[in-house]
Novice: 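The structure's right below; bear with me while I get my questions together.
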Amino acid sequence: MTTDERRRPDARPRAFEEVLARIEERIGADGLTVGDRLPGERQLAEQLGVGRSSVREALRVLETLGVVASQAGRGPDAGAVLTSRPGNALTDLLRLHLGLATLSMREVIDTRLMIEQWAAARAATANATANAAAPARTAAQTAAQTTEAQAAEAQAAEARTAEAETATARMAEAIAAMDAARDPAEFVEHDIAFHLALAEAAGNRLIVAVMRALRDALRRYAVDAVVRLGDTGGLQDDHRRIHRAIEDGDSGAAAAAVAEHLARAYPDSGPDS
């Protein structure tokens with residue numbers, strides 16, 4: 001950054017962007033993880049070629065978003081610490097953007113349709129692959145000639161399978177909770193849990209963050225949709241079809257069930273509306 005650029009009125013946004021870039025660089029190059037410390041204000045200012053006040057303001061914004069936690073100190077104790085809430089921060093930003101963007105209901109539902117169909121198909125495919133590979137994986141683990149790399153790959157596959165199974169189990173729990181819901185608001189709370197578990201079953205954290213923001217933004221409309229429908233039996237039938245298709249490893253049926261479900265919940269948001 002040149003001297004003239006630093007004197008521009010928009011130098012603070014540039015500093016904020018460079019602080020974010022620096023954090024990204026540290027995470028990628030140094031393997032920075034939750035609990036690790038960023039350089040202190042003075043060091044960051046020198047590295048970025050900006051004033052300490054600009055760095056301080058940028059870190060304050062990051063702290064507000066829950067990405068870092070400030071900690072007073074000197075020497076090795078100086079500098080902000082990465083927290084465990086980056087996903088929450090992203091969701092908050094996305095929800096705020098959705099609230100300010102005056103998006104139409106059709107745009108939001110179309111986005112949900114694309115995301116949830118992909119997530120359901122991905123989760124079903126992963127489930128089918130895991131079921132098919134389980135016998136071979138067990139045989140490889142018990143074979144005397146199994147290499148360390150093969151064992152590590154098998155363990156990673158088992159971990160992914162366990163995560164998917166946990167997510168689909170939460171989907172089943174949410175369905176049962178919706179059956180017992182006493183009013184539309186309670187039904188929607190568990191409906192949100194079902195759809196977030198669906199996103200988690202696909203194994204993509206960014207998709208989960210986007211879905212959480214979308215669902216939070218749509219909460220009031222979802223309650224209105226349940227009130228309008230009156231009978232939630234059809235919605236529950238859809239939920240069960242989605243869950244069953246994922247467990248069966250049928251990606252086509254899972255994607256189709258998602259489309260039918262959203263069309264039932266939001267009939268006025270279709271392509272012809």
Side-chain angles (χ1 to χ4, degrees), residues 61 64-67 85-121 123 167-202 204-243 246 254-273:
V61 172
T64 300
L65 294 174
V67 177
R85 296 196 299 139
N88 291 343
L90 175 60
T91 297
D92 291 343
L93 284 173
L94 288 170
R95 187 171 62 247
L96 178 60
H97 177 72
L98 287 170
L100 296 174
T102 61
L103 299 171
S104 70
M105 178 61 70
R106 177 179 171 183
E107 289 174 309
V108 176
I109 297 304
D110 282 349
T111 302
R112 274 195 62 189
L113 178 62
M114 288 185 290
I115 290 175
E116 293 198 51
Q117 280 193 303
W118 178 88
T168 53
R170 283 200 295 270
M171 291 171 67
E173 292 171 0
I175 291 172
M178 281 184 277
D179 282 336
R182 294 163 295 183
D183 54 55
E186 185 178 349
F187 182 91
V188 168
E189 285 299 317
H190 299 302
D191 177 71
I192 289 173
F194 174 89
H195 288 276
L196 289 179
L198 166 60
E200 290 169 354
N204 186 307
R205 288 174 293 177
L206 179 56
I207 290 295
V208 174
V210 173
M211 273 300 300
R212 184 173 287 113
L214 286 173
R215 293 297 300 179
D216 286 347
L218 277 172
R219 188 184 301 267
R220 179 171 61 84
Y221 298 100
V223 173
D224 290 344
V226 172
V227 171
R228 184 183 66 250
L229 287 172
D231 181 7
T232 58
L235 297 177
Q236 284 292 73
D237 289 342
D238 295 340
H239 289 143
R240 291 186 173 89
R241 277 195 294 272
I242 295 169
H243 182 257
I246 290 174
V258 166
E260 292 170 7
H261 175 59
L262 291 180
R264 186 193 307 275
Y266 303 99
D268 297 331
S269 301
D272 299 325
S273 61

Novice: Using every non-hydrogen atom in the two residues, find where A121 and A254 come nearest and quote the distance to one decimal.
Specialist: N-CB, 4.4 Å
Novice: Excluding sequence neighbours, so at least two apart, what forms side-chain contact (heavy atoms from CB on, under 4.5 Å) with H190?
Specialist: A177, M178, E186
Novice: If you compare all heavy atoms of L198 against all heavy atoms of A119, which two are closest, and at what distance to 0.1 Å?
Specialist: O-CB, 4.1 Å
Novice: Is there a side-chain contact between D191 and R215 in this structure, where contact means two heavy atoms from C-beta onward sitting under 4.5 Å apart?
Specialist: yes
Novice: Considering all heavy atoms of both residues, which atom of A225 and which atom of A265 are nearest to each other, and what is their separation?
Specialist: CB-O, 3.5 Å
Novice: Which residue pairs pass the ring pair (Phe, Tyr, Trp, His ring centres under 6.0 Å) test when at least one of the two sits in residues 222-242, sequence neighbours left out?
Specialist: F194-H239, H195-H239, H239-H261
Novice: Quick one: list whatever passes side-chain contact (heavy atoms from CB on, under 4.5 Å) with A185, sequence neighbours left out.
Specialist: D183
Novice: Which residues pass the salt bridge (Lys or Arg N to Asp or Glu O under 4.0 Å) test with D179, not counting sequence neighbours?
Specialist: R240
Novice: Measuring from I175:CD1 to D238:CG, what's the distance to the nearest 0.5 Å?
Specialist: 10.5 Å
Novice: Run the side-chain contact (heavy atoms from CB on, under 4.5 Å) test against E260 and tell me which residues pass, sequence neighbours left out.
Specialist: R241
Novice: Where do A257 and I242 come nearest, in terms of heavy atoms and distance?
Specialist: CB-CG1, 3.5 Å
Novice: So how far is it from I207 CD1 to M114 CE, rounded to the nearest 0.5 Å?
Specialist: 10.0 Å
Novice: Restricting to salt bridge (Lys or Arg N to Asp or Glu O under 4.0 Å), what partner residues turn up for E107, sequence neighbours left out?
Specialist: none
Novice: Output every pair passing side-chain hydrogen bond (donor to acceptor under 3.5 Å, both in side chains) with a member in residues 221-233, not counting sequence neighbours, ordered by first then second residue.
Specialist: none
Novice: Using side-chain contact (heavy atoms from CB on, under 4.5 Å) as the criterion, list what pairs up with L196, not counting sequence neighbours.
Specialist: I192, M211, R212
Novice: Please tabulate, for side-chain N and O atoms in residues 167-174, each donor-acceptor pair with protein atoms closer than 3.5 Å (sequence neighbours left out).
Specialist:
| from | atom 1 | to | atom 2 | distance (Å) |
| --- | --- | --- | --- | --- |
| T168 | OG1 | A164 | O | 3.1 |
| T168 | OG1 | E165 | O | 2.9 |
| R170 | NE | E200 | OE1 | 3.4 |
| R170 | NH2 | E200 | OE1 | 2.3 |

Novice: For E116 and V258, work out which heavy atoms get closest and say how close.
Specialist: CB-CG1, 3.6 Å
